[in-house]
Colleague: 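The structure follows.
Order of appearance sets the numbers: ligands from 1, and atoms from 1 within every ligand. Just so you know, these numbers use all the heavy atoms, side chains as well, and skip hydrogens, waters and symmetry mates.
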Amino acid sequence: MRVLGIETSCDETGIALYDSEAGLLAHALHSQVTMHNEYGGVVPELASRDHIQRLLPLVSSVLAEAGCAPRDVGGIAYTAGPGLLGALLVGATFGRTLAWAWQVPAIGVHHMEGHLLAPMLEDPAPAFPFVALLVSGGHTQLVEVQGIGQYRLLGESLDDAAGEAFDKTAKLLDLAYPGGPQIARLAEQGVPGRFVFPRPMTDRPGLDFSFSGLKTFALTTINQHTGPGGLPDPQTSADIAHAFQEAVVDTLAIKCRRAIEQTGLPQLVIAGGVSANRRLRERLQEGLVGKAKVFYARPAFCTDNGAMIAYAGCQRLLAGQCEPLEINARARWPLDTLPAITA
Ligand code: KG4
Ligand code: ZN
């Protein structure tokens, strides 16, 4: 089955064509980052309007790249939530309309299930069951995954998501949006050990997270070292970025190790924008030697993209799931309410 995937939950328009036999045929992405940058974050209404303009040209280019015509598409998968409601509705309306015009089934995909399954597009792919660490701009969750739609939440952030903490700390250092890659770049110049940030909630049992205190710790440290320009000098900023990143990465690694020990599962999948972080990947691999193998997607498939939606949607369409003609999107959508696919 050949499925067209449509991702519009936030500030990236992603389109992809996935074939259940041949794999990923083509994918394309338009990022709105430069448009939102001058506002320091995503402006929802601008995001929705931009998705409208980008969708059709991106679909045409993906079909052309794959050498396919609309009649070769057997199903449509679009992100139905969670995310920005307006942006979601653009993708859902577009996807449903294409499905009606092309007379094929359509399915609304859970954005975090898309992230969770993105490493399946790589070789070697993880095999069920595994533990997944989902780390994006809106979510930080540890999930035991028995199969598609068989998710048991092991722990989650009680306040800010890991990506959100990166973005907020980057803003304090006057770095551009999105802050994760900027902090990661700056941290490379940082002197290890000059600052030491706390590892929140690692001194007690459990698999939940809390990242909002790290942002406050960063603020206090920045204020203590602010120079004449209203910011610390460049080396101090790099040292703070380094200490912040180490704290986030270390905290995530400690909880992942705990989840692996608790479940006894020998595979860890990391997914979502923060899983693109090189230091996180290194630290997890070091920390899980002899305990678990770590799987992740290529960086372009860690952040939002159409390929993960096409893949997840294809699995559900193959299992006979599809949605009626109504157009639905959900700004909030608990992952553990999804229907399971059982063999
Ligand atoms: O998955 P994603 O593209 O969108 C959401 O579903 O939220 O994740 C975006 C988040 C942002 O907070 C961004 O700063 C973070 O992922 N991110 C990173 C890196 N690349 C993206 N955080 C740390 N290091 C990175 N290399
Ligand atoms: Zn995402």
Colleague: Heavy-atom distance under 4.5 Å between the side chains of Gln150 and Pro129, does that happen here?
Modeller: no
Colleague: What residue among Ile309, Ile6, Ile107, Leu98 forms side-chain contact (heavy atoms from CB on, under 4.5 Å) with Tyr78?
Modeller: Ile6
Colleague: Taking side-chain hydrogen bond (donor to acceptor under 3.5 Å, both in side chains) as the cut-off, I'd like each qualifying pair that reaches into residues 54-69, sequence neighbours left out, listed once.
Modeller: His30-Arg54, Asp50-Arg54
Colleague: Could you give all pairs that pass the side-chain hydrogen bond (donor to acceptor under 3.5 Å, both in side chains) test and reach residues 155-164, with sequence neighbours left out?
Modeller: Gln141-Glu156, Asp159-Ser210, Asp159-Ser212, Asp160-Lys168, Asp160-Lys215, Glu164-Lys168
Colleague: Is any NZ, NE, NH1 or NH2 atom of the basic residue among Arg283 and Glu286 found under 4.0 Å from an Asp or Glu carboxylate oxygen of the other?
Modeller: no
Colleague: How are the rings of His110 and Trp333 set relative to one another: parallel (under 30°), tilted (30 to 60°) or perpendicular (over 60°)?
Modeller: tilted
Colleague: CD1/Ile254 to CG/Leu284 distance, rounded to the nearest 0.5 angstrom?
Modeller: 11.0 Å
Colleague: Collect the protein residues that have a non-hydrogen atom under 4.0 Å from ligand 1 and hand them over in chain and number order.
Modeller: His111, His115, Ser136, Gly137, Gly138, Gly163, Phe166, Asp167, Pro178, Gly179, Gly180, Pro181, Gly272, Gly273, Val274, Ala276, Asn277, Cys302, Thr303, Asp304
Colleague: Mind listing the protein N/O/S atoms less than 2.8 Å away from the Zn ion (ligand 2)? Waters don't count.
Modeller: His111 NE2, His115 NE2, Asp304 OD1
Colleague: Parallel, tilted or perpendicular: which describes the rings of His111 and His115, with under 30° parallel and over 60° perpendicular?
Modeller: perpendicular
Colleague: Side-chain heavy atoms nearer than 4.5 Å, only ILVMFWY residues, links allowed to pass through others: does that put Phe94 and Ile52 together?
Modeller: yes
